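This report concerns only the one structure given below.
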Amino acid sequence: MPAERPQKHGIEGRASLLDLMPQQEEAARRRLAELVESVAARRPPTTSFSRLWILGSLQAKVTCAYLAYWLRSRWADADERERLKSETHLKAALELLGTMGYLRGAVMKLGQMLATFPDALPDEFARLLPALHFEAPPMHYAMVREVFLDEFGKEPHELFESFEREAFAAASLGQVHRARLRSGELVAVKIQYPGIARTIEADLKNLRLLMQPMRLGEDWDNVVAKLAEVERVLLAETDYLAEARFAQEVGNSFTPEDDIVIPRVYPDYPTRRVLTTEHLEGVHLEEFLAGNPSQELCDRYTHLLTVATLRALYRTRCLLADPNPGNYIFMPDGRLGLVDFGCTRRLTEEEWQFQCEVEEALLRRDEEEMERLIVKSSLYDSAEQMGRERLELIGTVIRWQLEPWLTDGLFDFGDPDFFRRGMDAMVGVTRKGFMRGMPVHIWTTRFILGARGVVYRLKGRCDFQEIYRRESGRNMVAE
């Protein structure tokens with residue numbers, strides 16, 4: 001099914017970010033332009049102290065902005081209070097965007113996760129934070145040259161027939177430039193920000209420091225294990241050679257008839273910090289939705305997104321653990337492009353067996369077995385030890401996650417009630433501090449929530465059960 005109009009993939013740097021701002025907010029537009037210019041010319045700080053200091057300064061700025069709003073709004077009428085609140089949200093969102101764009105790394109990934117759920121944010125945040133997926137302020141070309149000289153001993157123009165100095169996409173760990181090989185192919189060249197691995201180590205060190213008050217709690221050992229898991233996977237994401245292998249492995253599971261495209265990796269050009277792939281034409285989610293696509297087209301892409309993630313899971317045992325909007329390309333001929341396989345988590349044999357146990361219990365509608373597995377996944381020996389409140393709250397989240405498996409026919413991922421029930425359940429678990437569980441659940445939860453956020457924004461529907469049957473080879477059991 002062809003798209004409704006020809007489209008192009010990518011951003012045009014500063015101008016694209018400025019388009020996110022209302023025309024009447026001239027001061028905010030100037031501030032955004034200043035932030036972009038400032039971030040592009042600076043290396044991200046890599047020491048724990050400097051990054052913690054910057055985050056502390058951000059907190060102080062945001063706190064002061066909202067304090068000023070509170071003071072000014074006390075003598076304002078309703079309309080003026082609303083204007084002041086919107087203005088304060090916008091200032092805070094700009095500071096958050098600028099700081100995360102400067103720090104990059106794990107801090108920026110947190111911003112990307114927040115941006116996946118726009119309904120949970122004020123409108124001003126929801127408008128700006130999605131830029132972190134692929135429109136973050138790029139690094140200056142001088143730093144690009146430096147990376148190429150370190151990795152290849154050559155500058156970009158010595159390796160490629162042509163190389164665009166301006167990045168067309170930029171995110172948490174690197175940015176992407178268009179280039180043309182001497183053989184004529186148009187390619188996308190992903191270049192890692194200098195020192196990004198050290199920023200991840202620094203952020204996790206700071207997180208461990210901030211979480212020290214939890215040492216006396218019964219879940220501390222599990223917290224330590226989860227932080228180690230996060231650090232391991234995020235550091236693995238900085239190895240572009242590993243990403244190239246994942247992309248090839250996942251790509252081999254698709255055929256042209258699937259209408260799902262994994263860009264080809266060019267083996268003569270990859271290093272641990274530079275990756276060259278086929279360039280895919282298309283647009284990201286924001287621009288796709290701006291074209292007012294039909295329900296039929298949104299349903300088609302929801303179907304393709306579901307096939308893509310389940311195919312990767314059941315054919316390669318890989319979780320595409322970073323399903324943010326910047327990793328999907330809506331191509332002009334109706335195909336779906338998948339890019340960025342850096343944050344890919346392969347399930348171990350033990351984890352895979354547990355996944356199969358959960359699915360078998362689900363297929364049998366065996367509530368007793370599901371309860372046993374929830375207790376096991378939360379690392380308790382019994383339901384009594386886990387406690388009824390924790391068991392019920394965790395069970396609510398898991399049953400929400402599995403709801404599409406139990407629904408015949410079209411499942412409506414755009415249903416606001418369904419989406420909010422899941423978000424409310426997650427908030428309830430977080431507020432209670434019921435976070436104990438297998439470290440792999442960090443990624444399974446991110447995998448599900450990220451994908452749900454994308455298809456919710458698409459307001460898409462698909463026959464999830466049928467796709468699951470086909471991709472897993474399992475059959476649902478009638479009630």
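Quick caveat, the model's predicted, so the values are computed rather than measured.
- The shortest side-chain heavy-atom distance between Thr306 and Phe411 does not fall under the 4.5 Å cut-off.
- Separating the CD1 atom in Ile467 from the OG atom in Ser472 is a distance of 11.5 Å, to the nearest 0.5 Å.
- Among the candidates Phe419, Phe413, Phe418, the single residue satisfying the ring pair (Phe, Tyr, Trp, His ring centres under 6.0 Å) test with Tyr456 is Phe419.
- A 4.5 Å side-chain heavy-atom check between Arg461 and Gln295 finds at least one atom pair inside the cut-off.
- To the nearest 0.5 Å, atoms OG1 (Thr445) and CE (Met435) are separated by 7.5 Å.
- In this structure the side chain of Phe341 reaches within 4.5 angstrom of the side chain of Ile262, judged on heavy atoms.
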Evaluate Phe464 against Thr407 for side chain to side chain contact (heavy atoms under 4.5 Å, CB included), listing each step before the verdict. CA-CA 8 Å; Phe464 189 95; Thr407 304; over 6 Å; no

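- Arg421 pairs by the salt bridge (Lys or Arg N to Asp or Glu O under 4.0 Å) definition with Glu403, Asp417, not counting sequence neighbours.
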Leu458 vs Phe330, side chain to side chain contact (heavy atoms under 4.5 Å, CB included): CA-CA, chis, key distance, verdict: CA-CA 12 Å; Leu458 275 171; Phe330 299 83; 4.2 Å; yes

Before giving the answer on side-chain hydrogen bond (donor to acceptor under 3.5 Å, both in side chains), spell out for Glu357 and Gln353 the whole-Å C-alpha distance, their side-chain angles and the decisive distance to 0.1 Å. CA-CA 6 Å; Glu357 287 181 52; Gln353 289 305 317; over 6 Å; no

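- Asp259 is not listed as a side-chain neighbour of Leu336, based on a closest heavy-atom distance of 4.5 Å or more.
- With Phe354 as the aromatic partner, Lys376 does not meet the cation-pi criteria of under 6.0 angstrom to the ring centre and within 45 degrees of the ring axis.
- Between Phe288 and Tyr301, the gap from one ring centroid to the other is short of 6.0 Å.
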Could you check Trp400 against Met423 for side chain to side chain contact (heavy atoms under 4.5 Å, CB included), going step by step and ending with a plain yes or no? CA-CA 10 Å; Trp400 175 80; Met423 295 302 99; 4.1 Å; yes

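- The CG atom of Leu373 sits 10.5 Å away from the CG atom of Leu362 when rounded to the nearest 0.5 Å.
- Put simply, the side chain of His284 reaches to within 4.5 Å of the side chain of Ile329, judged on heavy atoms.
- Side chains of Glu257 and Thr255: a donor on one and an acceptor on the other come within 3.5 Å.
- With hydrogens and angles ignored, the 3.5 Å screen pairs no side-chain donor or acceptor of Arg272 with any backbone N or O of Glu151.
- Contact of the Thr344 side chain with the Leu320 side chain is registered, since non-hydrogen atoms from C-beta on lie closer than 4.5 Å.
- Proximity of a side-chain donor or acceptor of Asp322 to a complementary backbone N or O of Gly342 within less than 3.5 Å is not detected.
- Every residue was checked against the salt bridge (Lys or Arg N to Asp or Glu O under 4.0 Å) condition with Glu392, not counting sequence neighbours, and none meets it.
- Proximity of Met370 to Ile398: side-chain heavy atoms (C-beta onward) are separated by under 4.5 Å at one or more points.
- Salt bridge absent: Arg315 and Glu249 never bring a charged side-chain N and a carboxylate O closer than 4.0 Å.
- Side-chain contact check for Glu351 and Gln355: no donor-acceptor pair (N or O, by modelled atom type) lies under 3.5 Å.
- The environment of Glu350 atom CD is sparse: at most 12 non-hydrogen atoms of other residues, nucleotides or ligands sit within 6.0 angstrom.
- Checking side-chain atoms of Asn252 against main-chain N and O of Gln248 turns up a donor-acceptor pair under 3.5 Å.
- Residues Leu313 and Glu471 fail the side-chain proximity criterion, which asks for heavy atoms closer than 4.5 Å.
- Between the OG1 atom of Thr277 and the CD atom of Glu243 there is a distance of 8.5 Å, given to the nearest 0.5 Å.
- What you find for Val250 and Ala312 is that their closest heavy atoms are CG1-CB, 4.1 Å.
- Between Glu371 and Arg388 there is a salt bridge, with a side-chain nitrogen of the basic residue lying less than 4.0 Å from a carboxylate oxygen of the acidic one.
- A distance of 11.0 Å separates CG of Asp299 from CG of Leu304, quoted to the nearest 0.5 Å.
- Heavy-atom minimum distance, Asp258 versus Ser253: OD2-O, 4.4 Å.
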Give the C-alpha distance, both sets of side-chain angles, the deciding distance and a yes or no for side chain to side chain contact (heavy atoms under 4.5 Å, CB included) between Gln192 and Glu237. CA-CA 10 Å; Gln192 196 172 117; Glu237 195 173 348; over 6 Å; no

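- Taking the salt bridge (Lys or Arg N to Asp or Glu O under 4.0 Å) definition, one finds that Glu229 meets it with Arg232, Arg345, sequence neighbours left out.
- Not a single donor-acceptor pair under 3.5 Å links the side chain of Arg317 to the backbone N or O of Trp352.
- Looking at every heavy atom in both residues, Thr396 comes nearest to Ala425 through CG2-CB, 3.9 Å.
- Of the possible polar contacts, one joining the Gln465 side chain to the Trp405 backbone as a donor-acceptor pair under 3.5 Å is found.
- To the nearest 0.5 Å, the span separating CG on Leu363 from CZ on Arg365 amounts to 7.5 Å.
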